Undergrad: 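This is the structure, below, for whatever I ask next.
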Amino acid sequence: MAADTHYYRRIDRLKARAIELGFTNDDAKEFGKLSKTATWEALLNFYEVDTDALTVGHKSPDTIEYTPIVSGSGQNVLKKIS
């Protein structure tokens, strides 16, 4: 099994972010049930943590390694991100 864990469920990503920031389950309980995504969102939003950055979509290799740019001639080209 891979060493790094990738969380696909939003609630798992929110919980992981809260724990990284030092919040506990007791902190989250003030905002609702621990099993609800809205609880963890409310906790992080209350402390003004950006939860939109935790959204994960399906990415293809093109969107991971390249970004569209406009060349000097006005054409769209892909530039590899290093």
Side-chain angles (χ1 to χ4, degrees):
M1 198 161 219
D4 74 322
T5 304
H6 184 78
Y7 298 107
Y8 290 97
R9 295 185 332 157
R10 182 166 174 76
I11 190 170
D12 293 332
R13 294 190 309 272
L14 292 166
K15 285 181 183 180
R17 181 67 177 137
I19 291 168
E20 283 177 5
L21 295 171
F23 295 109
T24 65
N25 285 347
D26 289 333
D27 296 324
K29 284 179 186 177
E30 295 179 26
F31 295 89
K33 293 177 68 175
L34 297 178
S35 61
K36 300 292 184 181
T37 302
T39 299
W40 295 93
E41 287 174 335
L43 168 69
L44 294 172
N45 287 333
F46 182 78
Y47 291 99
E48 298 181 357
V49 176
D50 181 19
T51 58
D52 291 334
L54 300 175
T55 302
V56 174
H58 298 287
K59 295 185 177 185
S60 68
D62 289 338
T63 58
I64 294 172
E65 297 179 19
Y66 296 89
T67 186
I69 61 169
V70 177
S71 68
S73 64
Q75 293 180 320
N76 287 333
V77 295
L78 293 176
K79 178 180 179 184
K80 186 172 183 174
I81 299 172
S82 45

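Note that these values count all heavy atoms, side chains included, but never hydrogens, waters or copies made by symmetry. Here the structure is a predicted model, which means the values were calculated and not measured.
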Undergrad: How many angstroms lie between CG in Asn25 and CH2 in Trp40, if you round to the nearest 0.5 Å?
TA: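 It is 4.5 Å, given to the nearest 0.5 Å.
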
Undergrad: Which heavy atom of Val49 sits nearest to which heavy atom of Asn45, and what is that distance?
TA: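 Scanning both residues completely, I find the closest heavy atoms to be O-OD1, 3.7 Å.
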
Undergrad: Is Tyr47 linked to Ile19 within one hydrophobic cluster, defined over Ile, Leu, Val, Met, Phe, Trp and Tyr using a side-chain heavy-atom separation of less than 4.5 Å?
TA: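 Not linked; separate clusters.
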
Undergrad: Would you check if Leu14 and Leu43 make a side-chain contact, meaning some heavy-atom pair closer than 4.5 Å?
TA: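 Not in contact.
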
Undergrad: Do any pairs count as a salt bridge (charged side-chain N to carboxylate O under 4.0 Å, His left out) and have a residue in residues 15-24, sequence neighbours left out, and if so which ones?
TA: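 Sorted result for residues 15-24: Arg17-Glu20.
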
Undergrad: Please list, chain by chain and in numerical order, all residues satisfying salt bridge (charged side-chain N to carboxylate O under 4.0 Å, His left out) with Glu30, sequence neighbours excluded.
TA: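 Salt bridge (charged side-chain N to carboxylate O under 4.0 Å, His left out) check on Glu30 returns nothing, list empty.
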
Undergrad: Which heavy-atom pair separates Ile11 from Leu34 by the least distance, and what is that distance?
TA: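 What the structure gives for the nearest pair is CD1-O, 3.9 Å.
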
